[in-house]
Amino acid sequence: MITLKQIEQEHGIGRSSLHTYRRRPTFPQPVPVEGSTKIVYDAAEVAAWFEANPPQQGKRSDLAPQDEGAAMPQTTDQTTPISVSPPDYLTRDQWAGLTLAVLGGAMEGVERAGLPGAWGSDLGVAAVQGLRERLDVLMSEGGTQDG
């Protein structure tokens with residue numbers, strides 16, 4: 001049996017690389033050990049997997065080559081970043097806390113739903129806009145920060 005830390009050390013990889021490998025369907029499955037919560041693997045299976053899938057060092061070779069001196073391509077579908085101004089009835093920390101929670105929820109929802117990751121930003125901004133609009137309504141109806 002071999003632990004995650006031992007896999008990192010024996011195969012010369014970092015924690016994030018190992019996490020990426022573990023998400024691949026071809027990576028060996030952990031072996032359950034009765035009475036333990038430690039994640040362990042069959043050492044022979046892991047060694048065989050790394051032999052068939054050696055870690056690659058350096059720059060990714062699966063990306064298209066880039067001409068670093070070339071001008072950036074122009075697109076006609078450029079969007080202007082949308083900014084949602086903080087309301088004057090909340091402190092900076094209150095607004096930051098709310099927006100971070102909403103953006104985090106949007107990103108998590110996109111991930112859980114299996115939607116394209118790029119949608120998270122757009123949906124997050126829309127959610128923050130909706131939050132701001134609803135807060136404005138509540139405050140105009142006589143709401144207070146105290147409840």
Side-chain angles (χ1 to χ4, degrees), residues 2-32 37-42 45-147:
I2 188 169
T3 65
L4 295 172
K5 191 67 173 171
Q6 291 169 328
I7 293 172
E8 292 171 17
Q9 292 169 346
E10 288 188 23
H11 296 283
I13 59 170
R15 181 184 296 177
S16 62
S17 293
L18 179 55
H19 177 72
T20 300
Y21 295 148
R22 289 176 57 205
R23 292 176 58 174
R24 293 182 183 173
T26 58
F27 195 80
Q29 293 299 306
V31 177
T37 58
K38 188 175 255 188
I39 298 174
V40 295
Y41 291 84
D42 180 295
E45 287 182 11
V46 171
W49 188 88
F50 274 100
E51 189 172 318
N53 303 279
Q56 300 293 317
Q57 297 294 324
K59 290 186 177 182
R60 289 179 55 180
S61 60
D62 60 330
L63 301 174
Q66 298 286 324
D67 181 359
E68 294 183 18
M72 293 293 290
Q74 296 296 316
T75 62
T76 57
D77 186 26
Q78 293 182 350
T79 57
T80 304
I82 299 170
S83 143
V84 181
S85 61
D88 57 2
Y89 47 80
L90 293 179
T91 67
R92 181 176 162 207
D93 288 343
Q94 287 173 318
W95 180 245
L98 277 170
T99 56
L100 286 175
V102 169
L103 290 170
M107 296 302 286
E108 183 179 336
V110 164
E111 185 176 319
R112 284 186 180 193
L115 299 172
W119 289 12
S121 177
D122 288 343
L123 293 174
V125 169
V128 169
Q129 286 174 323
L131 170 74
R132 171 63 200 267
E133 290 169 8
R134 184 63 186 150
L135 281 170
D136 289 344
V137 168
L138 291 172
M139 291 303 290
S140 71
E141 292 174 350
T144 64
Q145 293 182 28
D146 297 330

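Fair warning: this is a prediction, and the values are worked out from it, not measured in the lab.
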**Partner set under salt bridge (Lys or Arg N to Asp or Glu O under 4.0 Å) for Asp136, not counting sequence neighbours** = Arg132

**Prompt:** With Lys5, which residues qualify under salt bridge (Lys or Arg N to Asp or Glu O under 4.0 Å), at least two apart?
**Reply:** Glu8

**Prompt:** Where do Ile39 and Arg22 land on the side-chain contact (heavy atoms from CB on, under 4.5 Å) test, with the steps shown first?
**Reply:** CA-CA 12 Å; Ile39 298 174; Arg22 289 176 57 205; 3.8 Å; yes

**Item:** Pairwise side chain to side chain donor-acceptor pair (under 3.5 Å) hits with a residue in residues 96-110, at least two apart
**Value:** Glu108-Arg112

Atom [atom1] in [X], atom [atom2] in [Y]: separation rounded to 0.5 Å?
X: Leu90; Y: Met139; atom1: CG; atom2: CE; value: 7.0 Å
X: Arg23; Y: His19; atom1: CZ; atom2: NE2; value: 4.5 Å
X: Ile2; Y: Glu10; atom1: CD1; atom2: CD; value: 4.0 Å

**Minimum-distance pair of heavy atoms, taken over all atoms of Ala106 and Gly124** = CB-CA, 3.6 Å

**Request:** Can you see which heavy atom on Leu103 is nearest to which on Val125, and at what distance?
**Result:** CD2-N, 4.0 Å

Check: [X] side chain, [Y] main-chain N or O, donor-acceptor pair, under 3.5 Å:
X: Trp119; Y: Val110; result: no
X: Gln94; Y: Thr91; result: yes
X: Glu45; Y: Asp42; result: no

**Message:** Applying ring pair (Phe, Tyr, Trp, His ring centres under 6.0 Å), can you list everything that pairs with Trp95, at least two apart in sequence or on another chain?
**Reply:** none

**Asked** Can you name the residues that form a ring pair (Phe, Tyr, Trp, His ring centres under 6.0 Å) with Tyr41, not counting sequence neighbours?
**Response** Phe27

Do the non-hydrogen side-chain atoms of [X] and [Y] ever get within less than 4.5 Å of each other?
X: Leu18; Y: Leu4; result: yes
X: Leu98; Y: Leu135; result: yes
X: Tyr21; Y: His11; result: no

**Request:** Give every residue pair that meets the salt bridge (charged side-chain N to carboxylate O under 4.0 Å, His left out) criterion with at least one member in residues 89-107, sequence neighbours excluded.
**Result:** none

**Arg24, CZ atom: more than 12 neighbouring heavy atoms under 6.0 Å** = yes

